Amino acid sequence: ANLASKILINLGRTHQGLAVLFSNQMIHCLEQVSNISDTVRFRVYEMLIQICKLSLAALENTHNSGLLQQLLNEVHKDDVLIQLNAIEMLSDLTMVDHGLVYLDQQGIVGKLESMMGDLDSNPLGNLLLPGLTKFFGGVARFHPKEVCSSNKTFVNSVFEGLSSRDLTQKSISVQTVGFIGESVEGKMALDKLGNTMIHGVKLIGTMVREAPSELRIKALDTVCSITKLQIAEQTDELQKLTEKWFNLLSNNSFETLMSLVRQPFTDLRCSAHCVLQSLALQPWGQTLMNNYPGFTEFLLDRSTEKTKETKESKFTVIRTIAESPTAVDVFGQPYIVQVKAMALQGPFFVQTQSEVAFEGE
């Protein structure tokens, strides 16, 4: 089923493929397959959502076929499990801008806002909560100010989820904070939450230190998002904000981060390097690096990384420092010359050694 879906999704990448995929014959075939069982029907829906995410043209073709409307209708049914699966799939569509606009036009965003508001009175509300949180996390990625200021139920569910015993809800909540905090507008919306966000960052810091590996990686990815500021975005106010959030993670946040960089797990190291790269963009982060004993030597030591993925992720830190306009003032000219040389050599450079062979050896 997965392989068949991939083939059909690939067809949706071209105009010719879309014409074949949504011909009358194919639509009839997909409708017949959907009638086999609930499981198969939702496999078809999942494939359609992946096609819709490819482009606006793909979304329009899917809508015109009438197949997407069937998925939207599932949200209005009384069966909570069908609603849950439908919301989960529509959450994927919010990850692209044209998908979110479409769902708003179809009244789905308004419908789910009402469902979110009625969760307390719904005896099965806890089942719907993860799906609704994920959905509005996708909406908040593009419209953080509006969602965070108007949808208090969503905000409360996200930050309460950070301390949940349910690992699924905790995972969705920490990822949602990361989605919102990717943009400058999102960072400002989170900051306006005041103590709610401060407490939330401390909980994320606890995950970074103590959570199971998979959740720890998601927490690190969120730290990367909420602390990253591109050079063009940097103002004194925003840099103070990202520095404050980073320092809230633990008593010595940089020491915690460096302990994770030394762990022998590729995924964990890559996520820790991502946070280092966020810090390397900003003067306060560069100062932390320069003041940490052994960091400057660690950065220039190629032998610390053994895999392709970690070599590449560490190299993003090196390149960021090499290209930073403030790095010379923090690290000094002689050191930055060495960093720029490494950046020119690339992530996989190996120093060659010449050997001379003597006659008779």
Side-chain angles (χ1 to χ4, degrees), residues 175 178-179 181-184 204 208 213-214 216-234 238-239 242-243 245-246 249 252-354:
Q175 286 179 288
F179 286 154
E182 277 182 8
S183 64
V184 167
I204 292 169
V208 167
S213 183
E214 188 177 342
R216 187 182 285 195
I217 288 165
K218 287 174 180 171
L220 280 168
D221 291 343
T222 290
V223 173
C224 180
S225 293
I226 65 174
T227 57
K228 181 172 284 187
L229 281 174
Q230 298 299 337
I231 292 169
E233 300 168 343
Q234 291 176 15
L238 284 169
Q239 287 193 71
T242 54
E243 182 178 11
W245 285 344
F246 181 75
L249 294 171
N252 189 338
S253 299
F254 199 78
E255 174 62 51
T256 300
L257 183 60
M258 289 306 295
S259 70
L260 295 174
V261 168
R262 300 186 192 103
Q263 293 284 326
F265 309 109
T266 298
D267 290 348
L268 198 59
R269 288 170 86 106
C270 287
S271 292
H273 287 149
C274 176
V275 179
L276 281 177
Q277 197 250 343
S278 292
L279 304 189
L281 284 163
Q282 301 167 77
W284 65 264
Q286 294 170 1
T287 302
L288 280 178
M289 292 172 171
N290 193 46
N291 291 342
Y292 184 80
F295 180 82
T296 51
E297 292 81 5
F298 158 80
L299 195 65
L300 296 176
D301 184 1
R302 290 186 180 273
S303 67
T304 61
E305 309 309 323
K306 309 300 181 188
T307 67
K308 175 181 180 291
E309 293 80 8
T310 56
K311 285 177 190 288
E312 288 175 332
S313 60
K314 184 180 176 182
F315 182 73
T316 62
V317 183
I318 294 166
R319 188 174 55 202
T320 300
I321 292 175
E323 295 173 355
S324 168
T326 59
V328 171
D329 295 333
V330 176
F331 292 97
Q333 182 70 31
Y335 183 73
I336 294 302
V337 168
Q338 295 179 70
V339 174
K340 287 186 174 182
M342 281 194 77
L344 287 171
Q345 291 164 351
F348 307 114
F349 178 79
V350 178
Q351 188 74 45
T352 56
Q353 288 184 325
S354 300

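Note: hydrogens, waters and symmetry copies are ignored here, and every other heavy atom, side chains too, is used. Note that this is a predicted model, so its numbers are computed, not measured.
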Problem - Pairwise distance CD(Q239) to CG(L281) - rounded to 0.5 angstrom - result: 10.0 Å
Problem - Gap between atom CD1 of I226 and atom OG of S278 - 0.5 Å precision - result: 9.5 Å
List the atom pairs, with distances to 0.1 Å, where a side-chain N or O of residues 287-294 and a protein N or O form a donor-acceptor pair under 3.5 Å, not counting sequence neighbours.
unit_1 : atom_1 : unit_2 : atom_2 : d
T287   : OG1    : P283   : O      : 2.9
N290   : ND2    : V330   : O      : 3.1
N291   : ND2    : T287   : O      : 3.3
Y292   : OH     : E255   : OE1    : 2.9
Y292   : OH     : E255   : OE2    : 3.4
Y292   : OH     : R262   : NH2    : 3.1

Problem - For C270, side chain to side chain contact (heavy atoms under 4.5 Å, CB included) partners two or more places apart - result: T266, E309, T310, S313
Practice task
State which residues pass side chain to side chain contact (heavy atoms under 4.5 Å, CB included) with T256; sequence neighbours excluded, sorted by chain then number.
Solution key: V208, R209, S250
Problem - ring-ring contact (aromatic ring centres under 6.0 Å, His included) against F246, all qualifying residues, sequence neighbours excluded - result: W284
Problem - Under 3.5 Å: donor-acceptor pair, side chain of Q282, backbone of T227 - result: yes
Handout entry: Side-chain donor-acceptor contact under 3.5 Å, Q345 with R302
Key = yes
Practice task
Measure the CG-CD distance between L299 and E297 for me, rounded to the nearest 0.5 Å.
Solution key: 10.0 Å
Completion exercise
Value for CD (Q286) from OG1 (T326), rounded to nearest 0.5 Å, stands at 3.5 Å
Handout entry: Expected output: side-chain K311 to main-chain E305 donor-acceptor under 3.5 Å
Key = yes
Problem - Rounded distance (nearest 0.5 Å) linking atom OG1 of T222 with atom CD1 of I217 - result: 12.0 Å
Problem - Listed partners of K228 passing salt bridge (Lys or Arg N to Asp or Glu O under 4.0 Å), at least two apart - result: none
Handout entry: Spacing of L220 atom CG and I204 atom CD1 [to the nearest 0.5 Å]
Key = 10.5 Å
Exercise for the section: Kindly write out the residues that satisfy salt bridge (Lys or Arg N to Asp or Glu O under 4.0 Å) with E182, not counting sequence neighbours, or none if the list is empty. Expected result: R141
